[in-house]
Colleague: 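Dropping the structure in here first, questions after.
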Amino acid sequence: MNKSVVLIGTQWGDEGKGKIVDLLTPHASVVVRFQGGHNAGHTLVVKGKKTVLHLIPSGILHEEVTCMIGGGVVLSLPHLFAEINELEEAGITVSGKVLVSEKCPLILPSHVELDRARERKLGEKKIGTTGRGIGPAYEDKVARRGLRVKDLFDERSFLEQLKINLEYHNFILEKYYGESSVGLQESVDSTLGLKDKLLPMIGDISKELRKRRGEGKSTLFEGAQGSLLDIDQGTYPFVTSSNTNVGAISGGCGVGPKSLDYILGITKAYTTRVGEGPFPTEVDGLIAQHLSSKGKEFGSTTGRPRRCGWFDANALKEVAQLNSLTALCVTKLDVLDGLDQILICTDYKEASNGELKPIYEEMPVWEGSVAGVTSKSDLPVEAISYLKRIEELSGVGIDIISTGPDREDTIIEKNPFC
Ligand code: IMP
């Protein structure tokens, strides 16, 4: 059936979207990224072999699929080609499968330096960014001075604008942050220097997506980061610099909202956050240690340990509305195996200092393990009641449950494409 399915992270990223994109890709002719950049880290495990993707859509492991990078994505060309090399060295075919929008804003080396200099200057008040230049690249786009993929094809005017941008970036780096400047040659090498390699991959994503839909082919839109990191609706200022919610697809790929048929919210069975910012259900001590070590909660982009906490159904309820979620996919249920207490946040109350304190409900724990379970009827009743409570509190049904990192470790109650 011709369908457009969207995958959205419902928390602060790292919900396990990569695995689910990989799992659903055989049903789609194209997988599309529409926002963010190589700040994302999508981990896929196939037959025990791990692949981490940052920029290339997570459908790339499949032969018969086109992977598109929409114009809403900020693009680091050196990173794109490094990721392609890595994949090809691992025996994965990339050539002829990737299409990049000519509208993508380019990330310059000076964007990376500005991102890092700003974080250093903020000190204790830092955002905790991935240090990949994402924020400054989006700033230049919105300021209407940014360089885009299509600009590479008029070398003279590209160089002119590059010099202007670099002069401005270096002024801030040197005069405001007291840091070293970035050279023109480095900036040219990482943009114009890679133009010829990029040329065969450039295309009109919007047109291509519409054409495929007309031909009855299905599309999978792959969100990066998570709803709570959305620049407008997230926990500002501790957010990323793009819109991470479903609304970003229109701008980021040039397709209208009515052409989206099914929106799947990916949610981990507990919560994590990497970087600074509020996290009402954060825990420490033994529970945090359990979630962190069993869930291998270390950032796949920066290697930083992720902060861990209980499931926040109150936040999910809001996120479900923001994204018009059709259904949920709950990931990493197996990480809750072996806990002697499981809490779920149902609401917040405001403390006298204005901080939001979670109100918890205690859920029954289960004996044994749910790891690798592939049928809901094989789950312990306590695990089923945990999932049911998530559905009740969020108002959204669960169609997919992930019980381990491998493709096979999945319970599919309903396939979004069928
Ligand atoms: P930036 O996107 O590098 O500017 O980082 C802004 C915030 O978003 C920081 O808290 C990062 O840790 C967070 N962030 C960015 N990308 C991801 C991701 O893919 N997963 C989880 N957190 C992310």
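Just so you know, ligand 1 is whichever comes first in the structure, and atom 1 is the first atom listed for that ligand.
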Colleague: I need the atoms of ligand 1 closer than 4.0 Å to a non-hydrogen atom of G275, numbered in the order shown.
Modeller: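 Counting atoms of ligand 1 from 1, those under 4.0 Å from G275 are 10 (O).
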
Colleague: Using the six-membered ring of F311, assess whether NZ or CZ of K268 lies under 6.0 Å from its centre and within 45 degrees of the ring axis.
Modeller: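 The answer is no, since K268 fails at least one limit relative to F311.
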
Colleague: Examine I134 against ligand 1 and note whether any of their N/O atoms are separated by less than 3.5 Å.
Modeller: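 Among all N and O atoms of I134, none is under 3.5 Å from an N or O of ligand 1.
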
Colleague: Pick one: which of T271, T235, T272 meets side-chain hydrogen bond (donor to acceptor under 3.5 Å, both in side chains) with W12?
Modeller: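 One option only clears the test, and that one is T235.
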
Colleague: Any cation-pi pair here, K121 with Y176, using under 6.0 Å and within 45°?
Modeller: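 Pair K121/Y176 counts as cation-pi.
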
Colleague: Which protein non-hydrogen atom lies closest to atom 2 (O) of ligand 1, naming both residue and atom, and how far is it?
Modeller: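 Here the closest protein heavy atom is T240 OG1, 2.6 Å.
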
Colleague: So, H54 versus T301: side-chain donor-acceptor pair below 3.5 Å or not?
Modeller: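 Yes.
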
Colleague: Heavy-atom contact check, 4.0 Å cutoff: does A224 meet ligand 1?
Modeller: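 Judged by the 4.0 Å heavy-atom criterion, A224 does not count as contacting ligand 1.
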
Colleague: Which bit of R304 is near ligand 1, meaning a heavy atom under 4.0 Å away: side chain, backbone, both or neither?
Modeller: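 Looking at R304 and ligand 1, just side chain atoms fall under 4.0 Å.
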
Colleague: For atom 17 (C) of ligand 1, what is the nearest protein heavy atom, given as residue, atom name and distance?
Modeller: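 That would be Q225 CG, 3.5 Å.
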
Colleague: Not counting sequence neighbours, list each pair that qualifies as a salt bridge (Lys or Arg N to Asp or Glu O under 4.0 Å) and has a residue in residues 310-339.
Modeller: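 Counting only pairs at least two positions apart or across chains, the salt bridge (Lys or Arg N to Asp or Glu O under 4.0 Å) contacts touching residues 310-339 are E297-K332.
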
Colleague: Nearest to atom 11 (C) of ligand 1, what protein heavy atom do you find, and at what distance?
Modeller: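 Going atom by atom, the protein heavy atom closest to atom 11 (C) of ligand 1 ends up being G128 O, 3.5 Å.
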
Colleague: Does any donor atom in the side chain of T130 or R132 lie under 3.5 Å from an acceptor atom in the other side chain?
Modeller: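 Side-chain D/A pair, T130 to R132: absent.
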
Colleague: Over 60° means perpendicular and under 30° means parallel, so classify the ring planes of Y360 and W310, tilted if in between.
Modeller: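 It falls in the perpendicular class, over 60°.
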
Colleague: Return the closest protein heavy atom for atom 6 (C) of ligand 1 as residue, atom name and distance.
Modeller: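 For atom 6 (C) of ligand 1, the nearest protein heavy atom comes out as V239 O, 3.3 Å.
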
Colleague: I need the nearest protein heavy-atom contact for atom 3 (O) of ligand 1: residue, atom name and distance, please.
Modeller: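 Its nearest protein heavy-atom neighbour is T130 OG1, 2.6 Å.
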
Colleague: Using atom types as modelled and distance alone, determine if a side-chain donor or acceptor of K3 lies under 3.5 Å from a backbone N or O of P416.
Modeller: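 Yes, the answer is positive, given that a donor and an acceptor are paired below the 3.5 Å cut-off.
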
Colleague: For atom 21 (C) of ligand 1, what is the closest protein heavy atom, and at what distance to 0.1 Å?
Modeller: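 Going atom by atom, the protein heavy atom closest to atom 21 (C) of ligand 1 ends up being D14 OD2, 3.1 Å.
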
Colleague: May I ask you to check whether T267 and E15 show a side-chain donor-acceptor distance below 3.5 Å?
Modeller: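 No.
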
Colleague: What residue and atom, counting heavy atoms only, is the protein's closest point to atom 8 (O) of ligand 1, and at what distance?
Modeller: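 Minimum-distance protein heavy atom for atom 8 (O) of ligand 1 reads L229 CD2, 3.7 Å.
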
Colleague: Suppose I only count heavy atoms of G41 and a 4.0 Å limit; which atoms of ligand 1 are within that range?
Modeller: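 Numbered from 1, ligand 1 contributes 19 (O).
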
Colleague: When rounded to the nearest 0.5 angstrom, what distance separates CD1 in I231 from OG in S241?
Modeller: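 Spacing of CD1 (I231) from OG (S241) equals 5.0 Å.
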
Colleague: Classify the contact between W12 and ligand 1 as side chain, backbone, both or neither, using a heavy-atom distance cut-off of under 4.0 Å.
Modeller: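 Near ligand 1, W12 shows its backbone, while the atoms from C-beta on stay back.
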
Colleague: Could an N or O of ligand 1 be found under 3.5 Å from any N or O of N39, whether backbone or side chain?
Modeller: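 Yes; at least one N/O pair falls below 3.5 Å.
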
Colleague: What residue and atom, counting heavy atoms only, is the protein's closest point to atom 19 (O) of ligand 1, and at what distance?
Modeller: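 Looking only at protein heavy atoms, the one closest to atom 19 (O) of ligand 1 is A40 CA, 3.2 Å.
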
